[in-house]
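Everything on this sheet refers to the single structure shown next.
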Amino acid sequence: MSFQPADNIQDLQYFGEFGGVNPSISDSSTYTFLSAKTMFDTFEGNADGCYLYSRHSSPSNLYLGEALAAMEGTETANVTASGMGAITPVLMQLCDAGDHIVSSRTIYGGTYAFLKNFAPKFQISTSFVDITNLEKVEDAITSKTRVLYCESVSNPLLEVADIEALADLAKKYELKLVVDNTFSPLSIAPAKLGADIVIHSLTKFINGASDTVGGVVCGTQEMINDLRNVNDGACMLFGSTMDSLRAASVLKNLRTLHIRMKQHSKNAMFLAEQFEKDGLKTVYPGLESHPSHKLFKRMMHPEFGFGGMLTIDVGCLEKANQLMELMQHRNLGYLAVSLGFYKTLFSAPGTSTSSEIPEEEQAEMGLTDGLIRFSIGLDNDIERTYQMMKQCMIEVGVMNEVGKLESLKV
Ligand SMILES: *Cc1c(COP(=O)(O)O)cnc(C)c1O
């Protein structure tokens, strides 16, 4: 019987140079060379293991990258200053002027804005498709297509991409499959399912402390070398490099990710089941009513669950706003964008994180203005949280006293 661990983070071992249990933080922007020849070789990319300048790489960043590569099962990884600082260099590295991208239409607002408004300046065009419809995806591929782009679990609608099927398509047409796995670290490992490049916004679950932005590109050594190339590497030349001190702090937070993901998933599953029973329109991949429940189940590492993200639809923006304000007032969470914090975070994506997407397109993809996106926190007593949330819903008229739905009559 072959034993397949969910990730290999557990097997990593590195000490500080004085035997510290954490690797020492490299607090230098530049590095000395004992011989001038080595400096030349390093510039030419021929001196493995030599550090040159911290925009290129630094020991602290390499430690974090190594841990994230171990998590995703890729050869290596490059950490960046933000999630967008990982996404944009990858797309610019893979595409030349005249090239084409096929992307899921339900993606992070910033990524959507980049593909829709910025990339065309460089004659890079994008077709946005329903990623759950493989025929539509295949139809959108042209001779100019270089990249197939999606999120494993999409923001904010929680659509699930069939990564294995998309990887087959990518192979058939010689495209790179790039998957943003920010919503489902540990639960889904896209590279093991055939993705070429896996990206995360570390800002979210992976760092989990809402104290920094950060990102990572996980892929082959060849791809990461390309991104870091001093002559034409997009990470090196755009300069979205993570700071060494921050890389060291993200690495320390990463070590509890598996415990946190289990609790996020457990709490989100509980609330989703209760909300659905109460008659609320609830979307959570762990619910059998979710259109991609079976697909998620097939791809996932069951011990980490279906993740911490869920949405409910309370009918209209006014009710959504009232409910979020009251829940914050009762200290059930914060009215804030972002996700993966110990505290529950909620926002109405139509008017916040997805506001880059025009209203007609929001409607077409099913993004209604009464939608509330929850990133469920690490609450120890989720039953009490549920009772208090339900009370808030009754008070703002989303639910009536017996728990039946009120607002969706409109
Ligand atoms: C937040 C987010 C990003 C962008 O990451 P930043 O760290 O904010 O730059 C990209 N993709 C998804 C799915 C996100 O949630």
Side-chain angles (χ1 to χ4, degrees), residues 61 64 68 72 77-92 101 103-119 126 128 131 147 149-161 163 178-188 190 195 197-218 234-235 238-243 246-247 249-250 253-254 257 261 264 268 285 307-311 336-341 345-350 352-357 365 367 371 373-376:
N61 287 17
L64 177 60
L68 291 162
E72 288 296 356
N78 190 47
V79 295
T80 54
S82 69
M84 288 308 294
I87 292 165
T88 55
V90 163
L91 295 174
M92 295 304 278
I101 297 170
S103 168
S104 165
R105 62 182 183 182
T106 57
I107 50 173
Y108 178 68
T111 312
Y112 179 86
F114 176 75
L115 290 172
K116 177 111 179 169
N117 307 326
F118 203 96
T126 303
F128 295 97
I131 204 73
V147 173
Y149 186 91
C150 68
E151 297 174 2
S152 28
V153 180
S154 82
N155 179 36
L157 293 174
L158 311 181
E159 288 177 350
V160 181
I163 296 167
V178 180
V179 179
D180 178 338
N181 197 31
T182 301
F183 275 31
S184 47
L186 293 174
S187 293
I188 297 177
I197 295 167
V198 182
I199 292 176
H200 281 278
S201 166
L202 302 178
T203 313
K204 314 296 169 52
F205 289 105
I206 291 180
N207 184 57
S210 293
D211 59 357
T212 185
V213 289
V216 68
V217 183
C218 303
C235 279
F238 295 170
S240 60
T241 308
M242 180 177 271
D243 180 68
R246 194 50 93 173
S249 90
V250 175
N253 289 344
L254 173 68
L257 179 66
M261 284 318 295
H264 283 301
M309 303 302 295
L310 66 86
T311 68
V337 299
S338 199
L339 41 131
F341 199 33
L345 303 178
F346 32 78
S347 57
S352 61
T353 50
S354 296
S355 56
E356 294 93 338
I357 302 171
M365 63 176 74
L367 212 171
L371 194 79
R373 182 187 81 177
F374 285 79
S375 163
I376 304 300

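Just so you know, residue 1 is the first one in the sequence shown, and it goes up from there. Every number for a ligand or one of its atoms is a count from 1 in the order of the listing.
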For the residue pair Glu72 and Asn181, confirm or rule out a side-chain donor-acceptor distance under 3.5 Å. yes
Could you list the residues that satisfy ring pair (Phe, Tyr, Trp, His ring centres under 6.0 Å) with Phe346, not counting sequence neighbours? Phe374
Side-chain (Asp180) to main-chain (Ser152) donor-acceptor, under 3.5 angstrom: no
When you pair each N or O of ligand 1 with protein N or O atoms, which pairs come out under 3.5 Å?
| from | atom 1 | to | atom 2 | distance (Å) |
| --- | --- | --- | --- | --- |
| ligand 1 | 5 (O) | Ser201 | OG | 3.0 |
| ligand 1 | 7 (O) | Gly83 | N | 2.8 |
| ligand 1 | 7 (O) | Ser201 | OG | 2.8 |
| ligand 1 | 7 (O) | Thr203 | OG1 | 2.6 |
| ligand 1 | 9 (O) | Gly83 | N | 3.0 |
| ligand 1 | 9 (O) | Met84 | N | 2.8 |
| ligand 1 | 11 (N) | Asp180 | OD2 | 2.6 |
| ligand 1 | 15 (O) | Lys204 | NZ | 2.7 |

Without hydrogens or angle criteria, can the side chains of Arg373 and Thr311 be said to hold a donor-acceptor pair below 3.5 Å? no
Indicate whether any N or O donor in one side chain lies under 3.5 Å from an N or O acceptor in the other, for Thr126 and Ser103. no
Check each of Thr212, Asn207, Asp211 against Asn253 using the side-chain hydrogen bond (donor to acceptor under 3.5 Å, both in side chains) test, and report the only one that passes. Asn207
